A.B. asks: 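Below is a structure I'd like to ask you about.
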2 protein chains.
Amino acid sequence: MGRAQAFDTDRVVRAALGVFWRSGYEAASVPALEEATGLNRSSIYHAFGSKRGLFDAAVQTYLDDVVRPRLRPLLADPVAPDAVVEYFTGLRDALARTGEIQADSGCLLVNTSGAPIARDEAVRRTVADYRAELRAALGRGVDARFPARDHAERDRLAELCTSLVVSAFALVRVDPDSAVGSLDSALVLLEA
Amino acid sequence: MGRAQAFDTDRVVRAALGVFWRSGYEAASVPALEEATGLNRSSIYHAFGSKRGLFDAAVQTYLDDVVRPRLRPLLADPVAPDAVVEYFTGLRDALARTGEIQADSGCLLVNTSGAPIARDEAVRRTVADYRAELRAALGRGVDARFPARDHAERDRLAELCTSLVVSAFALVRVDPDSAVGSLDSALVLLEA
DNA sequence: GCGGTTCTGAAACGATCGGTCCACAATCTA
DNA sequence: TAGATTGTGGACCGATCGTTTCAGAACCGC
């Protein structure tokens with residue numbers, strides 16, 4: 001048995017996530033990743049294999065620590081009728097906080113969709129799966145909110161809500177008011 | 001008077017647009033721009049000043065040659081009642097064409113929103129203005145489609161439609177079916 | 001035909017890229 | 001205490017980056 005790893009993997013991946021989220025995969029440089037994580041590149045390569053390996057770990061942390069906690073109330077059994085409204089209200093608050101990473105950079109996965117790395121099949125699949133996961137969760141929230149409406153109408157509402165979230169994430173960096181406006185539109189649709 | 005320029009500026013800018021649209025500003029390399037335009041880097045720098053100067057020209061061409069022709073029927077006076085439905089139908093067709101640039105890369109400006117270059121104030125402004133222009137045009141289309149509905153309702157519908165377009169553009173690379181689904185959602189909302 | 005001006009292209013510049021190498025440090029076991 | 005193993009860090013690798021330089025080409029006016 002040799003030397004023990006001197007860093008906390010989760011903390012390193014979270015630091016790297018910040019770099020990928022703000023800069024995108026392509027523009028995130030190894031020196032920037034070194035600086036954010038506090039590790040030398042040898043340690044990064046030893047632990048993650050490559051810049052892409054670190055990116056994959058960062059994406060997983062993004063899903064586990066950013067996306068899924070926000071979606072959790074929509075996956076409860078039963079889902080509370082207000083869960084979907086709270087989801088949008090919470091997201092709206094997050095995107096309205098100037099200077100914070102969600103207001104500056106929206107969604108790592110939505111941004112990644114428009115980047116060259118999204119042509120990699122594994123990355124493409126991950127982003128598409130995320131969209132499906134978001135859609136399913138919002139679908140549950142809408143079902144809980146409007147149990148009396150017919151299935152087709154609830155389905156359409158869930159699709160609309162999903163698109164409103166994606167749109168807000170896509171444009172928040174350049175037009176925060178419009179992004180918040182998209183979420184407000186969803187909240188109007190979700191009024192009882 | 002010296003030597004005449006040997007290339008057609010519009011053709012060069014359109015070729016460069018293809019590179020920026022598929023790769024994004026950051027990942028578009030000068031060699032790739034040379035290859036696509038057929039020009040040597042000296043000529044590119046002589047004509048456009050910098051890579052960023054060429055990008056600015058490409059964005060302008062994107063607005064003039066891609067965005068505005070599609071929006072033109074929504075800016076007519078009067079706007080035809082079906083103009084907005086035709087806008088969505090046409091866009092849906094374009095995003096469904098596998099292999100073509102809109103199906104592969106969506107919208108240059110929406111993709112740019114999530115990229116580091118969007119932090120440049122001029123670029124940020126350009127993308128935000130584009131969103132406003134799209135919104136205004138769709139607003140006109142919705143007003144023409146539903147003149148009898150009250151203003152607040154037409155306003156909401158225009159916001160929804162704008163978000164559905166943005167969402168479709170944002171995700172088309174990774175999930176074309178969902179992108180087309182967003183546009184179908186808009187078409188449902190626009191049924192008389 | 002020559003001078004002046006502008007355009008083009010090959011080469012080079014300094015910087016940075018992602019990744020590897022190798023020596024040293026830190027650990028455990030015998 | 002020495003050997004084996006694993007982690008760390010500084011230096012280096014070959015390649016590529018965006019941009020500039022400078023010589024030659026192509027034009028026009030006198």
Side-chain angles (χ1 to χ4, degrees), chain A residues 1-59 108 112 115-120 122-123, chain B residues 1-59 108 111-112 115-123:
Chain A
M1 180 186 188
R3 185 167 169 170
Q5 187 176 282
F7 58 88
D8 175 49
T9 303
D10 286 349
R11 208 145 61 77
V12 159
V13 175
R14 253 185 259 110
L17 168 58
V19 177
F20 288 124
W21 195 347
R22 289 186 167 97
S23 302
Y25 175 78
E26 290 81 10
S29 67
V30 174
L33 292 165
E34 281 180 302
E35 186 172 357
T37 60
L39 294 186
N40 178 285
R41 65 185 58 209
S42 290
S43 301
I44 293 177
Y45 281 86
H46 183 264
F48 300 98
S50 63
K51 174 181 166 182
R52 167 63 196 274
L54 181 54
F55 175 73
D56 288 344
V59 163
L108 170 66
T112 296
I117 192 70
R119 292 191 177 92
D120 175 87
V123 173
Chain B
M1 179 187 190
R3 182 169 169 171
Q5 186 176 284
F7 57 87
D8 176 49
T9 303
D10 286 348
R11 208 146 62 77
V12 159
V13 175
R14 250 182 263 112
L17 168 57
V19 177
F20 288 123
W21 196 346
R22 290 188 169 96
S23 301
Y25 175 76
E26 290 79 11
S29 66
V30 174
L33 293 164
E34 280 181 302
E35 187 171 358
T37 60
L39 295 187
N40 178 283
R41 64 187 57 206
S42 288
S43 301
I44 293 177
Y45 279 85
H46 182 265
F48 301 99
S50 63
K51 175 182 166 183
R52 168 63 194 275
L54 181 54
F55 176 73
D56 289 343
V59 164
L108 169 67
N111 293 346
T112 297
I117 192 69
R119 293 193 176 91
D120 175 87
E121 179 54 23
V123 174

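Bear in mind that the values here come from a model prediction, so they are computed numbers and not experimental data. Residue numbers start from 1 in every chain, and the chains themselves are labelled A, B, ... in the order their sequence lines are given, proteins ahead of strands.
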A.B. asks: Check for me whether A/Lys51 meets the cation-pi criterion with A/Phe20, that is, NZ or CZ under 6.0 Å from the six-membered ring centre and within 45 degrees of the ring axis.
C.D. replies: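 Judged by the rule, A/Lys51 and A/Phe20 form no cation-pi pair.
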A.B. asks: Can you confirm whether more than 12 heavy atoms, excluding those of B/Gln5, are under 6.0 Å from its CD atom?
C.D. replies: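 Check passes, neighbour count above 12.
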A.B. asks: To the nearest 0.5 Å, how far apart are CG in A/Asp56 and CG in A/Asp120?
C.D. replies: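 Answer for the CG-CG pair, A/Asp56 versus A/Asp120, is 8.0 Å.
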A.B. asks: For a quick test of reading the model: is some side-chain N or O of A/Ser43 closer than 4.0 Å to OP1 or OP2 of D/dG7?
C.D. replies: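 No.
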A.B. asks: Once you round it to whole Å, what is the distance between P of D/dC17 and CD1 of B/Ile44?
C.D. replies: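 About 13 Å, once rounded to whole Å.
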A.B. asks: What's the CD-C1' distance between B/Glu34 and D/dC17, to the nearest Å?
C.D. replies: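 Spelled out: CD on B/Glu34 to C1' on D/dC17 is 12 Å.
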A.B. asks: I need the full list of salt bridge (charged side-chain N to carboxylate O under 4.0 Å, His left out) pairs touching residues 11-23 of chain A, with sequence neighbours left out, sorted by first then second residue.
C.D. replies: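 As it turns out, the salt bridge (charged side-chain N to carboxylate O under 4.0 Å, His left out) pairs with a partner in residues 11-23 of chain A, which skip direct neighbours, are A/Arg14-A/Asp65.
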A.B. asks: How is B/Ala6 classified with respect to the nucleic acid when contacts are heavy atoms under 4.0 Å: base, sugar-phosphate, or nothing?
C.D. replies: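 Contact class for B/Ala6: sugar-phosphate only.
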A.B. asks: On DNA chain D, does the nearest nucleotide to A/Asn40 precede the nearest nucleotide to B/Asn40 from the 5' side, or the other way round? Give the residue.
C.D. replies: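 Final value for this comparison: A/Asn40.
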A.B. asks: Write down the distance between OH (B/Tyr45) and P (D/dG18), rounded to a whole number of angstrom.
C.D. replies: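 Interatomic distance, OH of B/Tyr45 to P of D/dG18: 6 Å.
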A.B. asks: Should A/Phe7 and A/Thr37 count as side-chain neighbours, where that means a heavy-atom distance under 4.5 Å?
C.D. replies: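 No; the side chains remain at least 4.5 Å from each other.
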A.B. asks: Between C/dG19, C/dA10, D/dG7, which one does the side chain of A/Ser50 approach most closely?
C.D. replies: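 Between C/dG19, C/dA10, D/dG7, the one nearest the side chain of A/Ser50 would be C/dG19.
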A.B. asks: Could you pick out which residue, B/Ala32 or A/Ala4, lies toward the 5' side of DNA chain D when each is mapped onto its nearest nucleotide?
C.D. replies: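 Closer to the 5' end of DNA chain D: A/Ala4.
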A.B. asks: Could you state the atom-to-atom distance from CG of B/Leu33 to P of D/dG18 in whole Å?
C.D. replies: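 Atom-to-atom, B/Leu33 to D/dG18, this comes out as 8 Å.
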A.B. asks: For A/Ala28, which contact category applies under a 4.0 Å heavy-atom criterion: base, sugar-phosphate, or nothing?
C.D. replies: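 Sugar-phosphate, no base atom in range.
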A.B. asks: Roughly how far, to the nearest 0.5 Å, is the CG atom of B/Leu17 from the CG atom of B/Asp10?
C.D. replies: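 Between atom CG of B/Asp10 and atom CG of B/Leu17 there are 11.5 Å.
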A.B. asks: Just how far is it from atom CZ of A/Phe48 to atom CG of A/Leu39, taken to the nearest 0.5 Å?
C.D. replies: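 Answer rounded to 0.5 Å: 7.5 Å.
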A.B. asks: Of the non-hydrogen atoms in B/Ala36 and B/Val19, which two are nearest, and what is the gap between them?
C.D. replies: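 Between these two residues, the closest heavy atoms are CB-CG2, 3.4 Å.
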A.B. asks: To the nearest 0.5 Å, what is the distance between CZ (B/Phe55) and OG1 (B/Thr112)?
C.D. replies: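 B/Phe55 atom CZ to B/Thr112 atom OG1 measures 4.0 Å (nearest 0.5 Å).
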A.B. asks: Give the rounded distance in Å between these two atoms: CG of B/Leu39 and P of D/dA25.
C.D. replies: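 About 19 Å, once rounded to whole Å.
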A.B. asks: For A/Lys51 and C/dG19, what is the distance between atoms NZ and P respectively, to the nearest whole Å?
C.D. replies: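 Rounding to the nearest Å, NZ of A/Lys51 and P of C/dG19 are 7 Å apart.
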A.B. asks: Rounding to an integer number of Å, can you tell me how far A/Phe55 CZ sits from C/dG19 P?
C.D. replies: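 Rounded to the whole Å, the gap is 13 Å.
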A.B. asks: Given the structure, check if the side chain of A/Arg41 and the base of D/dG9 hold any donor-acceptor pair shorter than 3.5 Å.
C.D. replies: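 Side chain to base: no pair below 3.5 Å.
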A.B. asks: Would you list the protein and nucleotides 28-30 of chain C atom pairs, both N or O, that sit under 3.5 Å from each other?
C.D. replies:
from: C/dC28; atom 1: O4'; to: A/Met1; atom 2: O; distance (Å): 3.4

A.B. asks: What's A/Phe7 touching, base or sugar-phosphate or nothing? Going by heavy atoms closer than 4.0 Å.
C.D. replies: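 Touches sugar-phosphate only.
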A.B. asks: At a cut-off of 3.5 Å, list every protein nitrogen or oxygen paired with a nitrogen or oxygen from nucleotides 22-25 of chain C, distance to 0.1 Å.
C.D. replies:
from: C/dA25; atom 1: N3; to: A/Arg3; atom 2: NH1; distance (Å): 3.3

A.B. asks: Sort out for me which residue in B/Val59, B/Ile117, B/Val123 forms a side-chain contact (heavy atoms from CB on, under 4.5 Å) with B/Tyr25.
C.D. replies: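 One option only clears the test, and that one is B/Ile117.
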A.B. asks: Using whole Å, what does the distance between atom C1' of nucleotide C/dA26 and atom NE2 of A/His46 come to?
C.D. replies: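 One finds 13 Å between C1' of C/dA26 and NE2 of A/His46, rounded.
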